[in-house]
Amino acid sequence: MSIYDTLNERQKEGVFTTQGPVLLLAGAGSGKTRVLTHRIAYLIDEEHVDPYNILAITFTNKAAGEMRERVEQTVGFGADSIWVATFHSTCVRILRRYADRIGYDNNFVIYDTDDTKSIMKKICKDLQIDTKYLKERTILSAISSCKNENISSTEYAQSAIGDYTKGRISKAYFAYENELRKNNAMDFDDLLVNTVRLFKECPDVLENYQKRFQYIHVDEYQDTNSVQFEMIRLLAAAHHNLCVVGDDDQSIYKFRGANIRNILDFEKHYPEATVIKLEQNYRSTQNILSAANAVIAHNVGRKEKSLWTEAGNGSLVHYRPYDNAYQEAEAIADEIARLVRKDIAAYKECAVLYRTNAQSRMLEERFVVEGIPYKLVGGVNFYARKEIKDLLAYLKTVDNGRDDLAVRRIINVPKRGIGQTSISKVQEYADERGISFYDALCMNEDIPGLGAAAKKIVPFVNMIQVFRSKLSFYKTSDLLKDIIASTNYVELLKEDGEEDAEERIGNIDELISKVTAFEETNPDATLTSFLQEVALVADIDGVDADDDYVLLMTLHAAKGLEFDHVYLAGLEDGLFPSYMSITSDDNMDVEEERRLMYVGMTRARKELTLTCARSRMIRGETQYNDVSRFVREIPVNLMDNRPLKKRGYDDDYSSGSVGESAASFVDRYNEMMKSSNSVDTSARESGYGRSFSSDNSSRNMDTVFDLKKPTVSARRGGDNSLKSIYGIGSGTGTAGGGSALPKVSVKTTPLGKSFSMPGVSKGISSAISAPDYAEGDRVEHVKFGVGTVLKIEKETKDYKVTVSFDGLGTKIMYAGFAKLKKK
DNA sequence: TAGTTGGGTTTTTTT
DNA sequence: AACCCAACTA
């Protein structure tokens, strides 16, 4: 009996096909990690491949660690000489050795998103780019796209001729590259680009690695970008022993440059490739799989596959609509508390997944209130927090004064009375002489116009020098503690009396622990190696499977994980799929969101619960959204509760259903208020609650008007007292008076209606108005272009407009929805 | 120079 | 709502 007997036939094929290119199309939960680890074990144990000749690239450090651990369990020894790492850390390792061959110093620094943003901010200032018109982020993402497609600043400049905006971006691109060069720095994209460049410019280096990496494995291949593709192509060119594993249905990183064509066209790139499909799922129940299959089937151009399982049908997918985000959070928290109380599940078997990080707040609040242990994955990356970045900047400055960004960050932290004016003078001086900011600081006496500020710089420079002199006998943890003590960092934090001081101090303690832990696992740890390690950690990397808490994270962060009980929260059109994807001209954008939905659903082993909220506060405004189209794509027989009716405004809403359209809600609400003599809250509460209550939703939807349950965010905010929420006693009048009647304001979006509640948000206006165009007018549509209005018909909820679009034919649409512009 | 305040902005996801 | 920035004040 060998370890390979437990594999199914397809999996075995993946393990035993060791020669040549292999594409392993591995559906969610089909045991791809098992195949990879067994394959590596097979190579070592049966084919006697030297572990040193094996490369395995994963997506996160966590995945790399797990892979290593599992390989170690499977093969007796030698596992530690296998190269298991992420793309980025692989590149760092290579560049640390050879960066000098392409004009960098081998101890280059890595700039994170924050760093690049402040660089860009400075560049925009220098180039007098109006950041109102062209945002730093826009420029940076343009540059990032270029790098991901291997377009140099010079090449970009060519394509920018005659285009003003592109011209500005091009200028910024040059300046940005210059600045990074000057600081001996690389951004995340550079790590990949420069590795490819190194391989192309230095054939001896490439050959070296080609010889070393005889067997290459790439996990999550669907999320590789063009540069990564190129890097792998180069490495595998000599022997073609390339095994890529992925699932085109789980490609969710387009925004980061991932190119789904890499996996879809693998057989074109490698015509001799063996393609193996893993479709048997070992994770979820059949109902969950069928639901997920049904959703993903709405995408076009995918590699046809359908997951199946030998496990039973299991429970139906639970669909739970709520009236607002507060109730949604409360219900999820309650349910998890119940599961644990009844011993049905442990906390760590539950996870709540959502589209945007902002959604975590309300969930967190409820979890705190109910005393449920939870762990938030993501949000602000630990290493991106201010206090951590400050301390790391000190470490970097001590390590290597060439990182101007780090030095500038801490020159006045804590306050030393060195202001913007002095900093600019020092910078000017440094720029003139082509020296680093830190070196300029050291020459403070020679800098013209500094005056009294020079005296303030001296203690800072001295402190850094003292730290450096201690390096010979200090461990990094000693240095860190010394920095904290010498700068009085913690005391000053406390004195500031900021609300989150305690949390920040906790983070500092955690940083000390992390340094100490690093020193324990790496006996030859240095300050430099610690800083390198830290630059590439992802949030998910910190999750430890042994601790018992509920995990809260974005759908993106959940990829590769699985839980018995999964809650997908915020399933509303406009939130998920996102507004941006819905309004995009490119259908592929919604498809990417659908893949994200598929990823989320297939995280669940036993129970999958889909929740949505009818109203939700987004960026300070209460929005009302329809149920996500993805929920509607699930066959109703697979759910224990169905979203009512179809989306749109011609619904039969008389049932007062949860699935009622937003427009009908507005009408009915205003109708109700008209017939009501007073705006007394109980009347509102009952009116709303009753008309909306639905027999099949587990909770009533009355919170907007429920005095006992104000929304959490409302409680936190500035003037969101209960009084102002309900408009009581604030001068607007509490009784009678038609003019004081609250009305619901409607904002028409391409999505449908989003409207705000008086008191909850601002805005008072009337419901839907007639379109500003008439029959025969020429109008323009965002997507369909220009056309002629053939007919306008008034309907109960909206105006139905028939338009003949030039070259596209006739379309019937609703005025509120279509947002037609008169030409 | 430092702290405060008011105004404007916010693409959703991240190595 | 939360964040960032410019302008203003001490």
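The sequence lines fix the lettering, A, B, ..., with proteins before strands; numbering per chain opens at 1.
- If you check B/dT12, C/dA1, B/dT11 against the side chain of A/E593, the one that comes closest is B/dT12.
- B/dT15 has no stacking from A/F87 on its base ring, since the centres under 5.5 angstrom apart and planes within 30 degrees of parallel are not both found.
- The number of heavy-atom neighbours closer than 6.0 Å to CD of A/E491, taken from other residues, nucleotides and ligands shown, is above 12.
- When distances are taken from the side chain of A/K132 to each of B/dG8, B/dT12, C/dC4, the shortest belongs to B/dG8.
- Counting to the nearest Å, the C1' atom of B/dT14 and the OH atom of A/Y354 are 14 Å from each other.
- Summarising the geometry, the separation between CD on A/Q228 and C1' on B/dT14 is reported as 12 Å, rounded to the nearest angstrom.
- A straight line from CD of A/Q359 to C1' of B/dT13 spans 11 Å, rounded to a whole angstrom.
- In this structure, A/S422 reaches the B/dT1 phosphate: one of its side-chain N or O atoms is under 4.0 Å from OP1 or OP2.
- With rounding to whole Å, A/L555 atom CG is found 11 Å from B/dT13 atom P.
- Between A/N357 and B/dT13 there is a side-chain polar atom (N or O) within less than 4.0 angstrom of OP1 or OP2.
- Nucleotides C/dA6 and B/dT11, compared at atom C1', are 25 Å apart to the nearest Å.
- Regarding contacts with the backbone of B/dT15, every side-chain N or O of A/T113 stays at 4.0 angstrom or more from both OP1 and OP2.
- When the nucleotides B/dT15, B/dT12, C/dC4 are ranked by their closest atom to the side chain of A/F188, B/dT15 comes out on top.
- Remark: A/K514 is positioned above the aromatic ring of A/F382, its terminal NZ or CZ atom under 6.0 angstrom from the ring centre and at most 45 degrees off the axis.
- Residues A/N61 and A/S89 are in side-chain contact: their nearest non-hydrogen atoms beyond the backbone lie under 4.5 Å apart.
- Considering only side-chain atoms of A/K415, the nucleotide from B/dA2, B/dT12, B/dT14 that sits closest is B/dA2.
- Taking the six-membered ring for Trp and the full ring otherwise, A/Y176 and A/Y111 have centroids separated by 6.0 Å or more.
- For B/dT12, the OP1/OP2 oxygens have no side-chain nitrogen or oxygen of A/S581 closer than 4.0 Å.
- Salt bridge absent: A/R302 and A/E591 never bring a charged side-chain N and a carboxylate O closer than 4.0 Å.
- Counting non-hydrogen atoms under 4.0 angstrom, A/T421 reaches the backbone sugars and phosphates but no base.
- For the pair A/L450 CG and B/dT1 C1', the interatomic distance rounds to 14 Å; values are reported in whole Å.
- Across the C1' atoms, C/dC5 and B/dT12 are found 24 Å apart, a figure rounded to whole Å.
- Atom P of nucleotide B/dT10 and atom CZ of A/R137 are separated by 7 Å, given to the nearest angstrom.
- Nearest to the side-chain atoms of A/S578 among the listed nucleotides B/dT12, B/dT11, B/dT15 stands B/dT12.
- Of the candidate nucleotides C/dA2, C/dC4, B/dT14, C/dA2 has the atom lying nearest to any side-chain atom of A/R361.
- Picking from C/dA1, B/dT12, B/dT13 the nucleotide with the shortest atom distance to the side chain of A/M617 gives C/dA1.
- Within the structure, a side-chain polar atom (N or O) of A/R619 is placed less than 4.0 Å from OP1 or OP2 of B/dT12.
- Distance from the side chain of A/T356 is smallest to B/dT12 among C/dA2, B/dT12, B/dT9.
- For the side chain to side chain contact (heavy atoms under 4.5 Å, CB included) test with A/V109, the passing option among A/L180, A/D115, A/N184, A/D403 is A/D403; the others fail.
- The nearest whole Å value for the distance from the CE atom in A/M553 to the C1' atom in B/dT12 is 17 Å.
- The phosphate of B/dA2 has OP1 or OP2 within less than 4.0 Å of a side-chain N or O from A/N412.
- Set against B/dT10, C/dA2, B/dT15, the side chain of A/K135 has B/dT10 as its closest nucleotide.
- The interatomic distance linking A/H556 (NE2) with B/dT11 (P) rounds to 15 Å, in whole Å.
- Counting only distance, with no hydrogens or angles, the side chain of A/S628 and the backbone of A/F576 share a donor-acceptor pair below 3.5 Å.
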